[in-house]
Amino acid sequence: MQATQLPQQAIRGLRRVTAGIQASDGDGVNLTRMIGGPELNMLDPFLLFDVFESDRPDDYIGGFPAHPHRGFETVTYLLAGRLRHRDSAGHEGVIEPGDVQWMTAGRGIVHSEMPEQENGLLQGFQLWVNLPAREKMCAPAYQEFSAEDLAVAYEPGGIQVRIIAGRSDGGLTGPVINHHVSPLFMDISLPAGQTFEQGVDAGDNAFVYVIDGAVAVGTPERDLESRELGILQHGERVRLRAQRAARFLLVAAQPLREPVARGGPFVMNTPEEVMQAFEDYRNNQFKDQ
Ligand code: MN
C-alpha cells in the first residue's frame, strides 16, 4: 500500500519571456512597453505595462500632458523621482518614490502626469488594468497610498515583500481594493540564493518583472534576467529563487474574458463604444467629471 499523498500544488513555470519594445509616449517620454505593444498586446486583464527608467532628462522631461482615459484603471508605481498628477476635476498630487496611485478612469477623466524634476533618475511603472463591461462607465476614483501605507512583510533570510494589492501567504494585505479582478501586486527584494514562494489563484494570469538581479522561476528552474518580463503558467504557487540579489514585481489577477476594443486611451468592449468615447471627449463630456 502506498501512503496517502497530499495533493501537490502546481508550481508555476515560465510560459513566455519578453524584453518588451522601446516606445515613446506622451510628449516624447522614452519607455519600454512590456505589455501593450504588437509583440504582447495584452495579458487579460492587463492591457499595458510600461517601464520607465532614465537619468537623462530628455527621456522624460516632456511628461504626459493632458490626455483622456475611459474604461479601465491606471496604476502608477514609482521607484525614483517625482511625478505630478493633475486631472480635470481638480484632483492633484505628487507621486514620490514608493508611492502608488491606482486610478479608476471609469467613464472618463482628463489628466496630466508630469515629472516634478529637471534632472536625476526617474524610474517606475505604469500598469493598465481592464474593468469589466458593467463597470466601464463607473464614476472615476482614486486609491492613493504613500510608501509607508503599503504593507511590508519581512520574511526569514532577509526577504522583503512590499504589498500593494492582494494578500501574502503570511497574512498581510495590501491597501488597494479591487473586487473585479482581485489583483496581486507585490514588490519583492530577495537576497542571493533565497527562495520566495507565494500562493496565487490557479487560473489568474500572472507575470514577473525583474527590476534588478536575476531569478530562477518554477521547477525545473528557468532563468529570468534583469529587465525581462516573464509570463507564468497557471497553477497555485509561484516559486522564485534569486540567482543574484534580486528585486522584482509579481503581478496577478483574474482574467475578465470579455471582448476588448482599444482606441488609444480608451478601452471598451466594442468599436462602437470606442467611437462614442472619442465623440464624448470631443464634446467635452469628460471635463465636468
Ligand atoms: Mn494617463
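Note that the structure is predicted; figures quoted are calculated from it, not measured. Indexing begins at 1, ligand by ligand and atom by atom, following the structure's order.
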Check your understanding: For Gln198 and Ser168, does a side-chain donor sit closer than 3.5 Å to a side-chain acceptor?
Key -> no

Review point. Would you call the rings of His85 and His91 parallel, tilted or perpendicular, where under 30° means parallel and over 60° means perpendicular?
Key: perpendicular

Exercise for review: Answer with yes or no whether the side chains of Gln126 and Glu113 bring together a donor and an acceptor at under 3.5 Å.
Suggested key: yes

Check your understanding: In this structure, which one of Trp128, Phe207, Phe185 forms a ring-ring contact (aromatic ring centres under 6.0 Å, His included) with Phe49?
Key -> Phe207

Review point. Between Tyr77 and Asp99, is any side-chain donor less than 3.5 angstrom from a side-chain acceptor?
Key: no

Study note, to complete from the structure: The expected count of protein N/O/S atoms at less than 2.8 Å from the Mn ion (ligand 1) is 4

Point to revise | Partner of Asn130 under side chain to side chain donor-acceptor pair (under 3.5 Å), chosen from Lys136, Glu135, His180, Glu258 | key: Lys136

